[in-house]
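Here is the structure we will look at.
Just so you know, residue 1 is the first one in the sequence shown, and it goes up from there.
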Amino acid sequence: MLREQAAALLRANDAGGWTKASPHMYPHQWSWDSAFIAIGWAHLDVRRAMTELEGLFAAQWSTGMVPHIVFRAGPDTPYFPGPEWWDCAGICQAAPALPVKTTAICQPPVHALAVQRIWKLTPPELQPEIRARIQALYPRLVNWHRYLATARDPEESGLVTAYHPWEGTDNSPRWDRALARIVAPYPGPYTRLDNHELPDPSQRPTNWDYDRYLWLVELLRKYRYDDAEIHRKYPFQIKDVFFSAVLIAANAALLDLADVAGAGDADRALLATWLERGRAGLAGRFDAETGLCDDYDVRSGEDIKLGTFAGFAPLFAGIADGGTQLELLDSADFCGNPRFRWKLLPSTSPAERVFEPRNYWRGPIWPIINWLLWRGLRQLGDSGRADDMRRESLGQVAGSGEFSEYFEPFTGHSLGSQRQSWTAAVTLDWLASS
Ligand code: 9WN
């Protein structure tokens, strides 16, 4: 039943070769949503799954960046802020030429994990075709990772620099101090549409946040989306341990696919270097006192010490740590909170002063984050915890009757955007992965 509902949702959100992240709130193609969505499609039709990724990578920038949104839905479909706020083709030669319209920032590189999953699920009769398509996509994936390992890490620290809260986890409290330092002039009149779609303001970022999000876009435009210039002058630069962990997992996935893709020695060597550098980078961010990994604010030189899902970066990356993180994961500060409806990882720990159980990335449980953690735990051979996480996650979705964007930890109630494609996609994957 759940499988049929999830499959029907993906089909309903299918816009023909690409999938809306959700039908009303997010009507375009989002980068990491697409990767999860491809994992969902892989259970229904591996060809369609490849098409999802190929379409996304057709909008890749010449720098290698895969943009966070490809605006595909057409001018009559309202979304704020739309392509005119970015004007990428008009500002930067590295952006794809019109009519392709994108944003100028990116999101965690889940794509290689999707290709790995697609290949695993490809039936023998389709293997020649899918192998050829993976071979064609692979150099683009390597370029994407190269962009993250170089332009987003000029220090060669092994850690990716995020430029904007929209690069994955919008109003996470991880960004609060960095945003508070930014003096954002009023960016001019604008009308948010997200709070029309979802009229309960307690579930979404505030106007204070939006003023800063838009001001950061202004600044990125001022620097003509040039990474070197941004690195020198731009005020919001965070070494994001979660993003970096996903890159580690993705580099390992590309290495795993190297034979299928017929990768050359040079690419294999590069991937191995980035993988090692990433592991060392994360190890350097581990705080033995708290047991969590800390993000780092490049501009202020501060460690960002907060109990959020991101602190478990080593587990997302599939790195064993001898048990400290697992104990913490089970504790009342995270999955083991006795008041939680489901034993799952919240976006922010209920022990944090800034925790808000209904507000977006400031407390609620996000299925895709738990999917990434589940994947990491499986890689570590922790089938007990992984199975629990899978069962609880399926219980949460089935119990709510909705494929929501996020869930209230104490009640398990649906929150955020409804009919969210990636929630249906990871549900399909969990259902097939007993
Ligand atoms: C801005 C689409 C996206 C996700 C992000 C999530 C949310 C958008 C928004 O929705 O961000 O990109 O308007 O809030 O935070 O992770 O990719 O599902």
(request) Can you tell me which residue pairs pass the side chain to side chain donor-acceptor pair (under 3.5 Å) test with a partner in residues 309-318, sequence neighbours excluded? (result) none

(message) Going by ring pair (Phe, Tyr, Trp, His ring centres under 6.0 Å), name the residues that satisfy it together with His43, two or more places apart in sequence or in a different chain.
(response) none

(message) My understanding is that only residues two or more places apart in sequence, or in another chain, count here; which of them pass ring pair (Phe, Tyr, Trp, His ring centres under 6.0 Å) with Trp85?
(response) Phe80

Is there a donor in the side chain of [X] and an acceptor in the side chain of [Y], or the other way round, less than 3.5 Å apart?
X: Trp166; Y: Thr103; answer: no
X: Ser31; Y: His111; answer: yes
X: Asp256; Y: Gln116; answer: yes
X: Gln420; Y: Glu402; answer: no
X: Thr161; Y: Gln237; answer: no
X: Arg174; Y: Thr348; answer: no
X: Asp333; Y: Ser331; answer: no
X: Ser433; Y: Arg117; answer: yes
X: Ser393; Y: Asn370; answer: no
X: Arg358; Y: Thr411; answer: no
X: Tyr163; Y: Asp227; answer: yes

(message) Name the residue from Arg146, Lys239, Arg277 that meets the salt bridge (Lys or Arg N to Asp or Glu O under 4.0 Å) definition with Asp153.
(response) Lys239

(request) Tell me, please, whether Tyr147 has Arg152 positioned over its six-membered ring: NZ or CZ under 6.0 Å from the ring centre and within 45 degrees of its axis? (result) no

(request) Could you tell me whether Arg140 sits above the aromatic face of Trp144, with NZ or CZ closer than 6.0 angstrom to the six-membered ring centre and within 45 degrees of the axis? (result) no

(request) Would you check if Val70 and His28 make a side-chain contact, meaning some heavy-atom pair closer than 4.5 Å? (result) no

(request) Please round to the nearest 0.5 Å and tell me the distance separating atom OG1 of Thr19 and atom CD1 of Ile37. (result) 5.0 Å

(message) Can you tell me how far apart CG (Leu137) and CD1 (Ile134) are? Round to the nearest 0.5 Å.
(response) 8.0 Å

(message) Taking Asp194 first and then Arg192, would you say they form a salt bridge - that is, a charged N and a carboxylate O separated by under 4.0 Å?
(response) yes

(message) Any carboxylate oxygen within less than 4.0 angstrom of a Lys/Arg side-chain nitrogen, looking at Lys222 and Glu218?
(response) no

